[in-house]
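Okay, so here's the structure we're looking at.
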Amino acid sequence: MTMRPLVAVTGRPTAAGRPWRLPGVGSQVNYLEALERAGALGAVLQPVAVDEDDMAERLSRFDGLLLIGGADVDPELYGQERHPSVYGENPEVDHFEMVACQVALAAGVPVLAICRGMQVLNVALGGTLHQHITDWPEGCDHGEPGVSGGRARVDVQPSSLLAAVMGTTEANTSCFHHQALDALGQGLVASAWTADGIVEAVELEDRGPWLLAVQWHPETVAASEPEHQAIFNGFVAACETYRDHEQA
């Protein structure tokens, strides 16, 4: 029997209360369901203090890494003062995910990064962020975390990995983010944009390890919109290729 690819999914600390009396770690189920539809199994990682060697040992058991959405990255990590709109920073989660990005790329592990995950990736590679785009004049409908979702049209670079994966050069995205990429991290190239100039996807310029990062939330509509499920399908196919190569 062929084993399904096993994907490491970055987890989020949860507060004590129902259903558990003690704090927990979890992920929204729609990420895991999208992986299941694509033929993979997802395992949620607890964010803890790690160094590169520890992270390498953890990721050695997996065929891919999925960085999920969530709260903001600490602006100190990209050399900026905190904007009043920044919320939910967690230094331990930031460090864990940035090390995960760096170690996965060095090892050639396929990476899919979504919303905050794309921002973490960019900062991990030396890039910066726009801390608050919600009030930009003539901005597109990017939604707002905790308030409302948006549906923004995205134009995709025809020669990009994203276009090959999605099978289209434009998409109607589901999004809710108040931050976005500014200066791109080392080795990254933009592959999708909204009409207001926001970078909506990045990938590796040299087409090295399989890496795709999107600013929107394909997992929220993937069950009913095939072009967004295709992002997970392409990621899982890359995980299978990586696993087979490692086992050869």
Side-chain angles (χ1 to χ4, degrees), residues 5-11 27 31 35 38 40 42-70 73-74 77-79 92-129 157 159-162 164-165 180-192 199-215 218 231-248:
L6 183 62
V7 175
V9 180
T10 52
S27 168
Y31 295 104
L35 290 173
V44 178
L45 297 182
Q46 179 184 7
V48 295
V50 291
D51 59 20
E52 291 186 0
D53 290 340
D54 186 22
M55 182 60 71
E57 190 273 334
R58 290 168 189 260
L59 291 184
S60 68
R61 308 180 186 200
F62 293 95
D63 306 309
L65 172 66
L66 170 60
L67 293 124
I68 68 171
V73 179
D74 185 351
L77 294 173
Y78 49 96
E92 189 167 69
V93 174
D94 288 345
H95 177 73
F96 184 87
E97 294 185 354
M98 289 177 66
V99 174
C101 289
Q102 295 161 347
V103 170
L105 289 174
V109 176
V111 176
L112 174 60
I114 293 174
C115 197
R116 168 195 154 88
M118 172 166 144
Q119 296 165 7
V120 169
L121 170 73
N122 194 54
V123 173
L125 296 179
T128 62
L129 304 178
Q157 168 59 247
S159 61
S160 66
L161 171 63
L162 179 61
V165 166
L181 270 57
D182 186 7
L184 296 189
Q186 185 176 2
L188 296 178
V189 60
S191 57
V199 173
E200 290 287 336
V202 293
E203 50 199 68
L204 288 175
E205 187 173 20
D206 63 2
R207 290 291 182 93
W210 196 99
L211 177 140
L212 186 58
V214 296
Q215 186 59 74
I231 294 173
F232 294 93
N233 298 347
F235 170 55
V236 170
C239 294
E240 290 177 328
T241 299
Y242 172 80
R243 178 199 60 197
D244 294 344
H245 179 268
E246 290 297 298
Q247 292 178 351

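Closest heavy-atom contact between V214 and P218: CG2-CD, 3.8 Å. Q215 approaches V199 most closely through the heavy-atom pair CB-O, 4.1 Å. L59 and A100 get closest at one heavy-atom pair: CD1-O, 3.8 Å. For the pair V111 and A104, the tightest heavy-atom approach, listed with the atom from each and the gap, is CG2-CB, 3.7 Å. Nearest heavy-atom pair across T10 and L67 is OG1-CA, 3.5 Å.
Counting only heavy atoms from C-beta outward, the side chains of L204 and L188 approach each other to under 4.5 Å. When side chains are defined from C-beta on, D63 does not count as touching E240, because their heavy atoms never get closer than 4.5 Å. Within the 4.5 Å cutoff, the side chain of L211 has no heavy atoms near those of the L161 side chain. A 4.5 Å side-chain heavy-atom check between Q46 and F96 finds every atom pair outside the cut-off. Side-chain contact between F235 and V165: absent, with no pair of heavy atoms (C-beta onward) separated by less than 4.5 Å. Put simply, the side chain of V50 does not reach to within 4.5 Å of the side chain of V103, judged on heavy atoms. Under the 4.5 Å side-chain criterion, counting only non-hydrogen atoms from C-beta, I68 is not in contact with I114. Counting only heavy atoms from C-beta outward, the side chains of R58 and L45 never approach each other to under 4.5 Å.
At most 12 heavy atoms of other shown residues, nucleotides or ligands fall within 6.0 angstrom of atom CD in E52.
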**OP:** Mind running side-chain contact (heavy atoms from CB on, under 4.5 Å) on V109 and F62 for me, showing each step along the way?
**Re:** CA-CA 8 Å; V109 176; F62 293 95; 5.8 Å; no
Original post:
Please walk me through it: do V120 and C101 pass side-chain contact (heavy atoms from CB on, under 4.5 Å)?
Top reply: CA-CA 8 Å; V120 169; C101 289; 4.2 Å; yes
**OP:** Show your working on side-chain contact (heavy atoms from CB on, under 4.5 Å) between L112 and V7 and close with a plain yes or no.
**Re:** CA-CA 10 Å; L112 174 60; V7 175; over 6 Å; no
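In this structure a side-chain-to-backbone donor-acceptor pair under 3.5 Å is present from Y31 to G69. Side chain of H95 to backbone of A49: no donor-acceptor contact under 3.5 angstrom is found. Listed for the E203 side chain is a donor-acceptor partner under 3.5 Å among the backbone atoms of L162. Proximity of a side-chain donor or acceptor of N122 to a complementary backbone N or O of T128 within less than 3.5 Å is detected.
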Anything under 3.5 Å between a donor and an acceptor, one on a side chain of residues 241-248, the other on a protein residue two or more places apart or in another chain? List them.
{"residue": "T241", "atom": "OG1", "partner": "A237", "partner atom": "O", "Å": "3.2"}
{"residue": "R243", "atom": "NH1", "partner": "M3", "partner atom": "O", "Å": "2.3"}

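The CZ atom of R116 sits 14.0 Å away from the CE atom of M118 when rounded to the nearest 0.5 Å.
Remark: of the listed residues D94, V99, V93, V93 is the sole one forming a side-chain contact (heavy atoms from CB on, under 4.5 Å) with E97.
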